[in-house]
Every structure is written in C-alpha cells, then in structure tokens.
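Letters A, B, ... are given to chains in the order of the sequence lines, protein chains preceding strands, and every chain is numbered from 1.
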Protein chains: 2
Amino acid sequence: MQDVADQARTSKTTAHYVLTGQDQKLRIAEETRRRVLRAATELRYRPNLMAKGLRTQVTRSIAFISDTVATEAYAGNLVYGAIAAAAEHGYLLFVCETGGDPELEASLIGDLASRHVDAYVYASLFTREVQIPAELHFERTVLLNCLAADNSSPAVIPDERQAGRDAACALLDRGHRRAIWLVGEPGEQVLAGAQRTEGIRQALSDAGTELAGTVDCKWWPEPAYEQFGAFLDDGGDPSAVICLNDRVALGVYQALKARGRSIPTDVSVVSFDDSDLAAWLQPPLSSIALPHRQMAAEAIRLLMTDGALAEHPVHVAMPVRLRESIGPPRS
Amino acid sequence: MQDVADQARTSKTTAHYVLTGQDQKLRIAEETRRRVLRAATELRYRPNLMAKGLRTQVTRSIAFISDTVATEAYAGNLVYGAIAAAAEHGYLLFVCETGGDPELEASLIGDLASRHVDAYVYASLFTREVQIPAELHFERTVLLNCLAADNSSPAVIPDERQAGRDAACALLDRGHRRAIWLVGEPGEQVLAGAQRTEGIRQALSDAGTELAGTVDCKWWPEPAYEQFGAFLDDGGDPSAVICLNDRVALGVYQALKARGRSIPTDVSVVSFDDSDLAAWLQPPLSSIALPHRQMAAEAIRLLMTDGALAEHPVHVAMPVRLRESIGPPRS
DNA sequence: TTGAAAGCGGTACCAG
DNA sequence: CTGGTACCGCTTTCAA
C-alpha cells in the first residue's frame, strides 16, 4: 500500500481511505482519488489479508470441523452447502476432518485458533448428540447436523419427526391403512431412527391405524435383503413398506424382485434420505430427502446474524420426493 | 509473546527461541528455558499465525479449488484425501468451489492470493483437460484429476488406460473371448471414455480377439437401461459386458434382470469407478476403482516436495475390485 | 482534505 | 547466552 501511495504521490492514509472505499464520507479530492486508483491498478495492488487480520482480528474465514463426512458420500453436501453459503458473504472455509479422534480434534482446534478463524461450524455426518470441545464454547460456534447435550450452542438439524409423518402420509394419501411395515432398526442412529419412527407412528395413529410390525435390520442393503427376504418367506405380505433409509430400500427392492413381487403393484415402498440411488432404482423410489445444503446454508446464516438470538435447535424441513414406488393398495 | 517474555523475566527474543524450539542449537540456559515454558503454559500462549505469516510469507494453508465436486457424490474423496494428506504436514485447506464460473473463479483466486496461501490444488470432478487461470502459473500449483493443455503444471490423474486393460483382462482371465460388448458412449468424458476404451481394445487385441460391438448411451442408469434393453430385445446375446461406469452397470443389471438373464451365469459384467453402488448390487459388481484418495495424497506430496522435479502427469493406478459379477462364459 | 506515527504479534539481525 | 530493535502491511488516532 505504501508503494501505491508513493506512486500516487500521496500518503498511505489517503490511499487507504480510497482503497477501502471510505472515500465517500471523507471527501477525498476526486483528483487524488483517481491517482490512487490508477496506481493501484498499475501496481496490481492486492490487500494483504494477513496484515489486515493482524490488525483487526477479523479473518473472514470459518472453520468447518466434521467427524468423518468422507465416508458417507451424500453428506458431502453439508460441506459444499457451507462453502457456497459462506462464499456469498465473502468468507472462506478451512475444512477439517477429525476422524472422530479427540486428540486430533484438539490439535486442529488449536491450529484454527492460532489462525484466528472468525467462527466454527461443528458438523456431524449422522444426526446425533455430540460433546463439543470446551474451547468452542468461547468461540462463535454453530452445530450442524448435531446437537449439544446441553443445547448450549445454536444447532441445525433436519426435521426427522415431520419426515416420518410425511413418509406415512405419502402412503395414507394413496389409501394404505393396513399391512404397513417398517424396515430397519429404529435405534441405529440416535436421532434419525427414533424420530422417524415416532413421526411415522404419530401419523398412522392420527389416521386411526398403526404399523403392522417392524423388520429389524442394520441400515444396509445386504442385511435388509436378508431380513426382509426372510420375512417374506415366512409369509410376510406387506401392502406397503417404510424403509428407514435408501440403502435399506435397495435391499427391500432386491428381496421383492427376487420373489417376483412388483413395486408398486404388489407393494408400495417409501424411504428416507433421497440419495442418488433413489432416482436410479426401478421403479424410482419415493424418499424423504435430507436437506443437507439448506441445513448448511442455515448454519452459515446463523453465524452471520449472531445465531444466539435464534430459537434453537433449528429444524430444517425434509422435502418429500414422490416417485413411482407408491401406488394404491391391492384391493 | 511479549507477555510470556515478561512473565518469564526475559526478552522477547529469548522467549521466541524457546517457543519455536530453536533452543537446542542456541544453548539457552536450562533455567531460562523452563521459566519461558512455564509462562507460556500459564498464559495459554498461542502463536498468532497471522503475525507469523505476515513476517515470513508462509501460511501453512493450501487452496483447494474445484469446479463442482459437489454434484458427484463419490468425488468427495478428492477433497477429503487432500485434507487428510495436507493435515499430516500441518497444512489446512481452504476448500472452494467455482461451479465452473470463470468470474467466480477469478475472484476466488484473488481472495486466496490476498490470503497468501502457500499453494494451489486445482481439481476437476471429471478427468479432463483444463485451462488454468493465468495467475496460477506464477504460483505453486498442482492439477488434480485434470491436465493442462500445455502440460505446464504437475498433474495427477488416474491411469485410465491401464484400467481399461484390467477390465478386459478380468474377463479374459475367466475365459471370455467372444461376444464381449462395451456399454456407454466412449466419447462422453474426454479422457476417461477414450482411454478406458483404448485400454480395453489393446488388451483384447493382445489376446487375439476384439470387442463384439458397442451399445452407445449416456453414462446414466436410465439411458443404459433403455439402450441396452433395446439391444437385448434386438437379439443381442452378449457373453460379457464392459460398462463404462457403475451407473451404466446399474442400468445394464436392470435390463438383464427384467429379461430373466442371470449375472454372471448368462452374462458377466465389469465396470469402472467402484462407487458404493458396486458393492450393493446383486450380485456385487466387479469394478475398476477411481483412486481418489490416493490421487489427492499424491497431489499434496507433489506440492510438498516441489513436484516440478517429478515426471508428469503422474498416473495413479486404479485398483481392480473383483466381485461376483464375473463368471466363466457359457459353454 | 491529507499526513505522521503507533501498534497488531511475530521474526531475524546485530550488539553485547 | 541474552536483549534491543527494525520491519512485515494494514488500521486508526491525532494533528496539521
């Protein structure tokens, strides 16, 4: 900046005012202003954000700390949503992964503190309750896809309970009332499993009916295929199936097809997550989507507007994606 | 640091040497050293990386610029691999997305330059040729999953040609020689399509045979299902099918199953990418994996060791994941 | 309307 | 072995 000032034959101060756009209120001579601007272009002046940050303690950078978003492909949108939302405010993200290792986490946070990031997004791949490191309590922090046990920090999570209701309603709306089965163990994921199930039960109950039963299995295609297949072979005859996620639905599809049962003619299927898979299956699978990008955007919004004011946790609606896997019940 | 020095009743300089671990060669009095260390702990001293960077021009941060990794779920490993590899060297990553917009890209690079990142990783979702912004020519840059037209910068790409050979060999090894069909349009992705196909043709040719033909279609389940289905209905009777990616393979699976043809008894299938999907299909799909994490690690390694020395582009081997989708040909 | 100068928190040179 | 000090590039107060 000194060199710009020199080239413009003025002082660093004046150049500073011009270059930071404070020239309006400070009534800098138009002539001077021009010289500064020209000098800046000629010298390809770039403000040094380190120097600026050193002085102002503002870095326009945010730390995005996640446990292991990597392993779950579709959760990448948590990161990209945050990056995009932050970029709109002129912020850049330091994206970090702790792999669930508390020591690594501590050292990362130390490093981030040394870099004076302005805020922290603490994200989890699975919606769950977390214990955030004590250091973060003193920093501007928002939890993404997770909740603090003490609800001490603003948090953004998907509205799983409503999603459960919506899944049930998708079936109810088409006339299903009986032989509605749930596939997947409700307890697997602290929040998603329990809340989805709760929502489903509520909606069915409101409609004067209830789940015919549950086929317990891990949330993966293989176990779903095995367990649900065994259920069918035992005489199970569902009219509709609610799968706790798309991977389970894949296993259910495979089990049904292997037995010559048609979707949705014989059995309707609805699921959760709306991963890529859902649209690729045949018939395309109806699924309640995880709104990762919106959640991330909301988290950034909370950071930008001092989320402390907001009611939290913030529940983000999960969009219903209706496709051909739901039909009327067999008459 | 001044306060640490004060509390330790010594000078900033001495404190600096102790705190930066230069105390060995400089023979600082053990007693003084202790006092400094204790003061640092008591005062919870944290070096300010902005101040340090301002002085040394080193920020221990790397920019990761990608076009739109977001849209393609499994490409997330390019980012996470880079984050993990960089973390091992004490570097943090600014992860950015341009969405393919040149203006946004330019403004991002400007911002990154203002922050004095030490190096740039310019990544592409699809393996392709790119035109990197001129500014990056003057910075330490490595291309990830893409190539500069003029091969001016170090680049890391998957070894698609060898992958093509490997896919063909997976079939040849089981005895397939005739009625081997390729599904997917070879030209879709500049490098992947052309090189995979080339490798396949080479391997088959080396074995004294050749492709029976190609079923042209976009690399998505739906078009693959349609085109390959039509091919079968027209009397197509493949012994083995090489799909240009897993999504195509999904469509092929669906088309085969709809017609009662069994995999691998009637038809063997091999594919590329090894996305999550591959392991979930029934039977599990043999696929040549995109080694995104290794590629990213290699890119970071090049940056750390001054990759200018390396032979480039660096080709990273694509691992063969053999699963049950390949069997011997019908006799 | 413009300029001088102190200071953010480190680094590194030089003197003692 | 230890201390003094200039300086990195920008912000901000105070004076002119």
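- If one axis is set at each end of the helix from C:dT1-D:dA16 to C:dG16-D:dC1 from five pairs, those axes are 50° apart, to 10°.
- Here the side chain of B:Thr56 is nearest to one of C:dT11, D:dC10, C:dT2, namely C:dT11.
- Regarding A:Asp6, its CG atom lies at a distance of 15 Å from the C1' atom of C:dT2, rounded to whole Å.
- A:Asp118 places a side-chain N or O within 3.5 Å of a backbone atom of A:Thr59 that can act as its donor or acceptor partner.
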Between protein and nucleic acid, restricted to nucleotides 4-6 of chain C and to nitrogen or oxygen atoms under 3.5 Å apart, what atom pairs and distances do you find?
{"residue": "C:dA4", "atom": "N7", "partner": "A:Thr13", "partner atom": "OG1", "Å": "3.3"}
{"residue": "C:dA4", "atom": "N6", "partner": "A:Thr13", "partner atom": "OG1", "Å": "2.7"}

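- Proximity of A:Thr32 to the phosphate of C:dT1: no side-chain N or O atom is located under 4.0 Å from OP1 or OP2.
- Regarding contacts with the backbone of C:dT11, a side-chain N or O of B:His16 is found under 4.0 angstrom from either OP1 or OP2.
- The shortest distance between side-chain heavy atoms of B:Val121 and B:Leu143 does not fall below 4.5 Å.
- With 3.5 Å as the limit, one finds a donor-acceptor pair spanning the side chains of B:Asn145 and B:Thr127.
- The side chain of B:Thr14 has D:dG3 as its nearest neighbour among D:dG3, C:dG10, D:dC10.
- Looking only at distances, a side-chain donor or acceptor of A:Thr141 sits under 3.5 Å from a matching main-chain atom of A:Glu139.
- A salt bridge between A:Arg34 and A:Glu31 is absent, with no side-chain N of the basic residue lying under 4.0 Å from a carboxylate O of the acidic one.
- When ring centroids are compared, A:Phe64 and A:Phe94 stay outside the 6.0 Å threshold.
- Taking side-chain N and O atoms only, A:Tyr17 has no distance below 4.0 Å to OP1 or OP2 of D:dT13.
- A donor-acceptor pair under 3.5 Å links the side-chain atoms of A:Asp3 to the main chain of A:Met1, judged by distance alone.
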